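Note on naming: letters A, B, ... go to the chains in the order of the sequence lines (proteins, then strands), and numbering restarts at 1 for each one. Remember, it's a predicted structure, so these values are computed and weren't measured experimentally.
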Amino acid sequence: MKQARRKKIAQFLGFFLLRAGLTLVLAILLLFLYDIGRKGGGTISWEFLSQAPRKGMTEGGIFPAIFGTFLVTLITAILAVPLGMCAAIYLNEYATQGRLTRLIRLSIRNLSGVPSIVYGLFGVILFVNIMRFGTSVLSAGLTLGLMTLPWTITASEEALKTVPNSYREGALALGATKWQSIRTNVLPYAVPGMLTGTVLGLARAAGETAPILFTGAAFFLPYLPKSLGDQFMALPYHLYIMATQHHQIEQVRPIAYGTALVLIVLVLGMNMTAVVIRYRLRRKRR
Amino acid sequence: MNVETGIAKIETRDLDFYYGPTRALKRVNVSCYKNRVTAIIGPSGCGKSTFIRTLNRMNDVIPGTRVEGTILLDGKDVHAPDVDVVELRRRVGMVFQKPNPFPKSIFDNIAYGLRINGMKDKRKLEEVVVRSLRGAALWEEVKDRLDENAFALSGGQQQRLCIARALAVEPEVILFDEPCSAIDPIATAKVEDLIETLEKSYTVVIVTHNMQQAARVSDYTAFMMLGELVEFDVTEKIFTNPVNKLTEEYITGRFG
Ligand SMILES: Nc1ncnc2c1ncn2[C@@H]1O[C@H](COP(=O)(O)OP(=O)(O)O)[C@@H](O)[C@H]1O
Ligand SMILES: [Mg+2]
């Protein structure tokens, strides 16, 4: 009797703590969103979204930064998505599962924990200097791509692991080649999961400042990048400048909040896309 | 072993199999005769699955494994360098222990093997799907719902779907690895009936831990223990008058 009651109390306390933790996290997040929404919401207008900054960035919009972020994320995706998926397919389906593969996998996991500024410096050395792409949207995109790769590889491998082995063996037993079995009986069921993880990785890349700081992002540009060799403006860097580096910080505060809001909506939008993909997948499985 | 001679479709000679250092098969010599059902029985872990999976080289996909000895299909070594393993697996089909339908429609499941072999003709595909489903005694139950997901079928129906899928690529041999252990008794009876009809057109090898099942469906029975073939003979002989003491003890249920 007594023990049963003690168990009940313990369970109540446990659930209470878990709920309290969740509520706290949500509250902080919502408060944060609310604050930015309130202070930045007034700045958002069609003009703000579609025009370039004017008068020493004290007026006008942030269109070049939005455009630049889209462009650099696109380059990131072009590098990280196919390469990440191929690497994952190789690691999970073809590589002999031994010590070497384990070591490679461990290294990839570790790479996803490397601070983004380190990727930034690496990008300067590799893309800007050695490969002579200069400080450009290409160098920045490739740097972000490198940073995102470990995430896309890991997410893609996890997605491949959820496909039961019996699909592979079943196909082989019917006279499929290994590649046929993967292409027709593994990838179709793994790709939505792969995409979910990949989009999350890209959303993270879109919000990063450090990797693009020295590789291609510009403080201010009066024009949009015309080629991959040009510099570009980006939302996170623009926000950083508006919040800390501008000579009239108080005056441009609304612009900073507006920029933050746009960036957050963009990143949240990408994350929602990932959630929708996953939801669709789950429903289809049933 | 004094087995009557027929045409051996599959013949193993001193077959050894290793998972890394572990030897799972020891000098196994079994013949599977054309248009006959051969049952493999034996206690759990004795190497029945390992044996049957070497016959269509499914074990090739498990890293660190090794085969020694010879497996002949129509007298030709299946490990010969000019043998295409993909073609071998098309000729020697396999039905697994757990029904493994693909998450596709019933139609697409059956058509899978043909499509990967490049067949596009819709009319021909339909013809084969219907014929295979009839052959697996499933047609009447699914003829109005070929577009439905195969997961919607019951376990027993799923297993017959897997049999139909194997039939669709017109194999010569069909290997069954405990095909009834995951389905209910009524479904089991259906699959057993089916196996008896398949015998007319195919060579059948069936692994089972159910001795009544072996006695009911098979013409020949191989009894294995600890990776070794203990006795191989006509089924009736194995079950009424086995030569080996171990066989007798096993079929009378004294161990296993
Ligand atoms: N993938 C594997 N790796 C290592 N050992 C295995 C593997 N599969 C089976 N074995 C071992 O080989 C032996 C025979 O297994 P198996 O052929 O599955 O037996 P059965 O089908 O008769 O129950 C067992 O001792 C089992 O532990
Ligand atoms: Mg087994």
Are B:Phe96 and A:Ser166 side-chain neighbours, meaning at least one heavy-atom pair lies under 4.5 Å? no
A:Leu172 CG to B:Met94 CE distance, which is reported to the nearest 0.5 Å: 11.5 Å
Taking CZ in A:Phe32 as the centre, count heavy atoms belonging to other residues, nucleotides or ligands within less than 6.0 Å. Is the count above 12? no
Do any of residues 45-68 of chain B have a heavy atom less than 4.5 Å from a heavy atom of chain A, and if so, which, in residue order? B:Arg53, B:Met58, B:Val61, B:Pro63
If the condition is side-chain contact (heavy atoms from CB on, under 4.5 Å), which residues does A:Ile104 pass it with, not counting sequence neighbours? A:Leu91, A:Leu100, A:Ile108
Would you give me the side-chain donor-acceptor pairs under 3.5 Å for residues 196-203 of chain A, sequence neighbours excluded?
unit_1: A:Thr196; atom_1: OG1; unit_2: A:Pro192; atom_2: O; d: 2.8
unit_1: A:Thr198; atom_1: OG1; unit_2: A:Met194; atom_2: O; d: 2.6

A:Phe70, CZ: over 12 other non-hydrogen atoms inside 6.0 angstrom: no
Around B:Lys34, counting heavy atoms of other residues, nucleotides and ligands shown, do more than 12 lie under 6.0 Å from its NZ? no
If you take all heavy atoms of B:Tyr112 and A:Gln180, which pair is closest and at what distance? OH-O, 3.9 Å
Which residue pairs satisfy the side-chain hydrogen bond (donor to acceptor under 3.5 Å, both in side chains) criterion with at least one member in residues 160-171 of chain B, sequence neighbours excluded? B:Asn100-B:Arg165, B:Asn109-B:Arg165, B:Arg131-B:Glu170, B:Glu141-B:Arg160
Which bit of A:Thr184 comes within less than 4.5 Å of chain B, counting heavy atoms only: side chain, backbone, both or neither? both
NZ/B:Lys104: more than 12 non-hydrogen atoms of other groups inside 6.0 Å: yes
Among A:Lys178, A:Gln97, A:Arg168, A:Glu169, who wins on heavy-atom pairs under 4.5 Å with chain B? A:Glu169
Heavy-atom closest contact (B:Phe102 atom, A:Gly170 atom, distance): CZ-C, 3.6 Å
Heavy-atom distance under 4.5 Å to chain A: side chain of B:Pro101, backbone, both or neither? backbone
Distance from A:Leu174 atom CG to B:Asn117 atom CG, nearest 0.5 Å? 9.0 Å
